[in-house]
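Accompanying notes for the structure given below.
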Protein chains: 2
Amino acid sequence: MDLDHAARCLEKLGHPTRLRIIRLLVRAGPDGLSVGAVKEHLGIPASTLSHHIGHLVSAGLIGQERRGRILRCTANYPLLDSVVTLLTEECCTGLTAVRKRAG
Amino acid sequence: MDLDHAARCLEKLGHPTRLRIIRLLVRAGPDGLSVGAVKEHLGIPASTLSHHIGHLVSAGLIGQERRGRILRCTANYPLLDSVVTLLTEECCTGLTAVRKRAG
DNA sequence: ACGATATTTCCAGAATTATCGAAATATTGT
DNA sequence: ACAATATTTCGATAATTCTGGAAATATCGT
């Protein structure tokens, strides 16, 4: 996970609708949710949703598996974790870290 | 820190140049760096840099304090921490968290 | 006041992103 | 084969973002 890859992930996460999608899928657990279920939750047009999901898939932030007519989306926990880790280690290792160590 | 605010911050962090700026300032510590110093490090035109810094300031991710001719920029550690925290708690509280607890 | 340094604002063009209806594709059950 | 459901792709428009040269602004030292 280099800085550019992290930036690409953060860019995708940095849209309200997409951040909601990620939150939904994370909360849904390892089984994730179908595209249709996400659509129900967010109440946005199918084509708009499909584009946003496409962004997230292209960045690897979510995975997809077809089960019959339904396309199941799951959060890529390890990648999300990597992004958070990089953000923490590379970009938050200043005063806050010192404070935390100091208690 | 609600989801929309977090999305705004992530959007700003989600650009390679801006993520580099943040990293520089975080590593620079509480005193931060002048705009000129950041420009030296990144090697980009002043106006381009100024725009990016403007983005970060508007999102509150960095602060500025004028000292004579020099404008000192500092990372907003608490805000960065809030973003990471929200991302962790709201969006990474799935399998990864379970794994971590399990060891 | 002036010249030098630091940084922003103005301006414009190119590129990218967001939105969503309509049409297309994929899959299932009958 | 057909109707129904699930999802994507197409196509078009509007909006936003990115970039950087040139000009403007701010501050300092003399």
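Letters go in sequence order (proteins before strands), and every chain restarts at 1. Everything numeric here is computed off the predicted structure, so don't read it as measured data.
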Inset, instruction - In whole angstrom, give the distance that lies between atom NE2 of B/H52 and atom P of C/dT7. - result: 17 Å
Legend entry - Sub-4.5 Å side-chain heavy-atom contact between A/N76 and A/P78: yes
Inset, instruction - Among the candidates C/dG21, D/dG29, D/dC18, find the nucleotide nearest to the side-chain atoms of A/P45. - result: C/dG21
Legend entry - Interatomic distance where CD1 belongs to A/I44 and P belongs to D/dT8 [whole Å]: 12 Å
Legend entry - Toward the 5' end of DNA chain D, by each residue's nearest nucleotide, A/H51 or A/L71: A/L71
Inset, instruction - Could you check which residues of residues 8-19 of chain A get a heavy atom under 4.0 Å from DNA chain D? Sort them by number, please. - result: none
Legend entry - Distance in angstrom units between A/I53 CD1 and C/dC20 C1', rounded: 15 Å
Inset, instruction - Take atom CZ of B/R69 and atom P of C/dT8, then tell me their distance rounded to the nearest Å. - result: 15 Å
Legend entry - N/O (side chain, B/S47) to phosphate O (OP1/OP2, D/dG20) under 4.0 Å: no
Inset, instruction - State whether B/R20 and A/D4 are salt-bridged, where the test is any N-O pair (Lys NZ or Arg NE/NH1/NH2 against Asp/Glu carboxylate O) under 4.0 Å. - result: yes
Inset, instruction - Evaluate the criterion side chain to side chain contact (heavy atoms under 4.5 Å, CB included) for residue pair A/I22 and A/L61; output intermediate values, then yes/no. - result: CA-CA 8 Å; A/I22 288 287; A/L61 288 163; 4.2 Å; yes
Inset, instruction - Quickly work out the B/Q64 CD to C/dA6 C1' distance and round it to whole Å. - result: 12 Å
